[in-house]
Each structure stands twice: as C-alpha cells, then as structure tokens.
Amino acid sequence: MPYAPEHDEVPNPLRPGLRAETPPDPCAMVVFGASGDLAHRKLLPALYNLALGAHLPAAFGIAGVSKSPFTHQEYADGMREAVGKFSRTKPVDPEVWRDFGAGLRYVAGPFDEDDTFRRLAAQLEEVDRTRATRGNRLFYFATPPSTFPTLLKKLHEHRLIRPRNDSRFTRVVIEKPFGRDLASARALNRLVLEVMDEKQVFRIDHYLGKETVQNLLVFRFGNTIFEPIWNRQYVDQVQITAAEELGVESRGRYYEEAGILRDMIQNHVLQLVCLTAMEAPVAFDADAVRDEKIKVLRALCPIDTPEAVAQRVVLGQYTAGQIGGADVPGYQVEKAVAKGSRTPTFVAVKLGINSWRWDGVPFYLRSGKRLPKRTTEIAIQFRRIPHSLFGEGASAPNVLVIRVQPEEGIALRFSAKVPGERYRPRTVSMDFRYGTAFAGAPPEAYERLLLDALKGDQTLFTRKDEVEAAWKLVGGILGVTESPESPPPFSYEAGTWGPREGDALIASDGRAWRRP
Ligand code: BG6
C-alpha cells in the first residue's frame, strides 16, 4: 500500500516513507566489523534502502573492514545475499544494486595492525578517485566495545581522522554499549575527545531512530492538550516495558558480559524515560534537545546502596519454558553461557525523578528476554477520579499507552457509559494506529540514523554528558548487584512476565504491572 503523504510533504516517488530532501554531501563510509551480524542484518540493508530511495549522496562508496579474508567481489556478493534476506523492501532492485554494489570495497586485516590501516587509507583514496567522494569520511564501529580504543588510536595515528575545521568532514559512529560502567565510559569519552571534537562523534542508540520514539516529541510538544496534565498533579505512575520473546540466541558471549542492565536499560529504556519526562526544549536542534534530556538523567534518584537496590530493583534469569507453544531452553544452557552464570536477563526498576514536575511519581521500568511477547510501550497512568458518582470501583483510571512496537500507535483509555438504563461505566479505548493513519511501512531505525550521520545531524545521537549520566544510575545499581555478596537473580520460567518478586516490587506500592 502506498504511503499517504501529508499535504505539506514533498513525496519521494522512489521511496515511500521518507521525504525527498537534498541528499547529503559526497562521502566514503567505512564499516569496521564488516562481516559481523550488525553489518549483515541492519547496516547494509539500511544503506541499500537509502540508495533505493535516492537518499544517499550522489557520490558514495563503502569500505568494509574485518578479519575474514574476502575479495571485494566475495564481500559484495555476501552483502547482496544479506540485503536480499534482511532488507525491509524485497526483492532487491537489480539496477539500484548495480551502482550500490559497485561502490563496495573490502579490506581484510586485524584492527591492531598498522598494515590494515595503510591498506584502508590506500583504498579510501581509490574510492575518492573512482567515486568522487571528495575525502569526506564516515567511520562506523560495528565491532565489540573492546576494539573501540584500538580503532580510535589507529585511525588517529594513520591521520584518517581529520580535524573538525578541515574542509573535508570526518565523523565516527560508535555502537553501544559505550563503556561498561561510569569509569570506562569516561575513559572512552576522554580517548574519543583526544582524537576528535564532540561534533564529530555519533554515539548511536537505535531506539532513537524508531519513528514512534521520535513521535513522542511531536505528541508532547506539537499538541496543546497533553502538556498541562503531564505532571505529578495528574499522573499517578509511568510504566515502561521493553519485552522480548527472544532469548540470547547466538550472542551468549556478549550477553554474559553485558546482562539486561547494560544491554537495554542504560541506553534504550533510559532514553524512553528522558523523552517521556523532559521539559520542552528551547529549539528543535541537537543541543537543545539533549540539554533537556540530560536534566532528566541528572534528576534521577540514585540507586547505589544495598538498601536502595533491595527496595527498587529486581533481577531475574530465565529457566526453560515455552514461548508460543514451543519449548525453549533456560539461559544457563544457552551457547557460550557459563554454568552457574549470574547474568540477569530480566530487570524491574522503580525510578524516582527529583523535579518539580515528577516528584513522587514512580517510573516503573521492566525489560526482559524470553517474556511472553515482543512489546515496547510507555504507559502513563493518570490519577483516579477524586469521587465516583457511579459506584465504588466503577471507574478505572485513565491510561495513555504509547505503543513503540509492534502495532505502533497511541491509545487513550477512558470510561464510557454502557448503553442502557443504568449509569454503568466501562473502560473503552480511543486508538491511533500508524498502520492505518499513514499507510506503508516506516523506514527502519538504522536508515534514519545513518542518514542523519551522513548529514551531520546529532539530534538523535547521545552526547558525552548524557551517556555518563545514564551510567551513573546504572553503574550505581551494578556496583551493588555485581558484588560477590549480592544474591543471584531470581528465576523465572521462559514465557512468563518475569519473577514473582518483580510483581511484589510494584505491589508494595499498591499498584500492579499492566499486561501489555
Ligand atoms: C539491542 C540489544 O540493542 O536491542 C538486543 O543488544 C535487543 O539484546 C535489541 O534484542 C532490541 O531492539 P529492538 O529494536 O528489536 O527492540
């Protein structure tokens, strides 16, 4: 079904879902971790879709770098296959691929060897010559975090990172997790800023590329009727759920190091908290938006003592169970997971925000793997009516549910009179669905973010102080939960909504989790 553009949009005939705009400046992009999962599943399909929509610069080339020994052609063939499999638009358009594929290069070599970077530099010069990319560079670190310092050092030593004021731009996109605690995030930030300027750094959090997440800003600050009630006077509690059916799949090695707090809370979920709780920015630009988000992070009540953790945090780990009727194994027997592992795959947190707007309003966060369904939502639950005219307990509180995924949309639940003689209220829902209001699939998060990085727009990327403030909270929790004296996570059966203790956390406040 075609995307129905709003009246003031310039539709792009080639590509539904994104506006036709001036393409970014010519650029050669370098993907470190070129043979990895992220490059296959997300980056190359996103770049191909940008090419399909004529959003890429007219002069563009990609150099993939990783250890595996491929020729240029073998790499291009592998990427053609990956795009065929993972692209949101199918089948691959042979004409678009011809030019896109012709711009793909590959450099094989370890990241700690100078020779790799000498060959990369030569390759980039060749791309500049043959693809007219004019010396502009976008480096993408799609690699494990342990490689980030080496990559930065080598790029710097080989003069591949040019100063910000050079006429040719250099930008670096760094994947999450950015550090593994506050100290390492600070150290990494120091290293990054030794070799480039903050304006050249793009710390990526793909949740910010999701249409529904960006819409939070429009919903809150593009309407008059929600802001006056978006505060402690009207809101009783906020619940944010990021649930997945998937387990750790083939990522056991990474996940053992990360766990749910580093994998989901420090970045994606706290970003949702920021966008839900922030004040209106003075302008819609990168620094103004990020200035407001950082205020939320700074106002979070710290959770860094055993007492605070006991009152506000519940960790869980899945055991064998059933998802969608199929048996699934427990975390402890997943590939590359240590026997007796204490890595949490579920967390429930009760957050407090010390601000005039939110004082006393709990933000309950919940995220986990192997939960009954994949769903991410933000539920704003309003206070109960002060006095019911229609019988005790007859009126449930209003709830505004922002469905980030799937079935993207926004629903407002309110009481309505059941037809008939008596005044019997029942909760009904007013529902906005993206799929119906704007026909056609929205672009993938990575498409939007790659395009922004190519254009140099940092609004949807996290700033140095933001990343550190998020680690301050999460590092405080980890400092307690990862100490040897701390108890192991509670068990929960795969296919359930986490351990019972997660329910008790919120029940002790006289509340209950929503069932999304
Ligand atoms: C990633 C995490 O950042 O986000 C994964 O590393 C998680 O563990 C994923 O599955 C969830 O993203 P999405 O877009 O599927 O909600």
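Throughout, residue positions are numbered sequentially from 1 according to the sequence presented. Order of appearance sets the numbers: ligands from 1, and atoms from 1 within every ligand.
Nearest protein neighbour of atom 14 (O) of ligand 1, counting heavy atoms only, is K210 NZ, 2.6 Å. When only non-hydrogen protein atoms are considered, atom 12 (O) of ligand 1 lies nearest to H206 NE2, 3.2 Å. Atom 10 (O) of ligand 1 has as its closest protein heavy atom E244 OE1, 2.5 Å.
The pair D452-R448 meets the salt-bridge criterion, since a charged nitrogen lies less than 4.0 angstrom from a carboxylate oxygen. Under the 4.0 Å criterion applied to side-chain N and carboxylate O atoms, D287 and R290 are assigned as salt-bridge partners. Salt-bridge formation is not detected for the pair E466/R203: no Lys NZ or Arg NE/NH1/NH2 atom is positioned less than 4.0 Å from an Asp or Glu carboxylate oxygen.
In this model, no donor atom of one side chain and acceptor atom of the other lie less than 3.5 Å apart for Y492 and E501.
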Could you please spell out the steps behind the ring-ring contact (aromatic ring centres under 6.0 Å, His included) verdict for Y434 and F432? CA-CA 7 Å; Y434 277 78; F432 151 67; 4.9 Å; yes
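Neither the backbone nor the side chain of Y255 has a heavy atom within less than 4.0 Å of ligand 1.
Residue-ligand proximity, D263 to ligand 1, at heavy-atom distances under 4.0 Å covers atoms 2 (C), 5 (C), 6 (O), 8 (O). Atoms of ligand 1 lying under 4.0 Å from at least one heavy atom of K176, given by number and element, are 1 (C), 2 (C), 3 (O), 6 (O). If you number the atoms of ligand 1 from 1 as listed, the ones under 4.0 Å from a heavy atom of R251 come out as 2 (C), 5 (C), 6 (O), 8 (O). Close contacts of ligand 1 with Q405, meaning ligand atoms under 4.0 Å from a residue heavy atom, involve 13 (P), 16 (O). Ligand-side atoms of ligand 1 in range of K369: 5 (C), 7 (C), 8 (O), 10 (O), range being under 4.0 angstrom from any heavy atom.
Sorted by first and then second residue, the salt bridge (Lys or Arg N to Asp or Glu O under 4.0 Å) pairs with a member in residues 29-39 read D37-R41; sequence neighbours excluded.
Below 3.5 Å of separation, one finds no N or O of T376 facing any N or O of ligand 1.
For atom 15 (O) of ligand 1, the nearest non-hydrogen atom from the set K42, E249, R374 comes from R374. Looking at R262, E175, E444, H268, it is H268 that brings a heavy atom closest to atom 1 (C) of ligand 1.
Every residue meeting the side-chain contact (heavy atoms from CB on, under 4.5 Å) condition with D181, not counting sequence neighbours, appears here in chain and number order: A183, S184.
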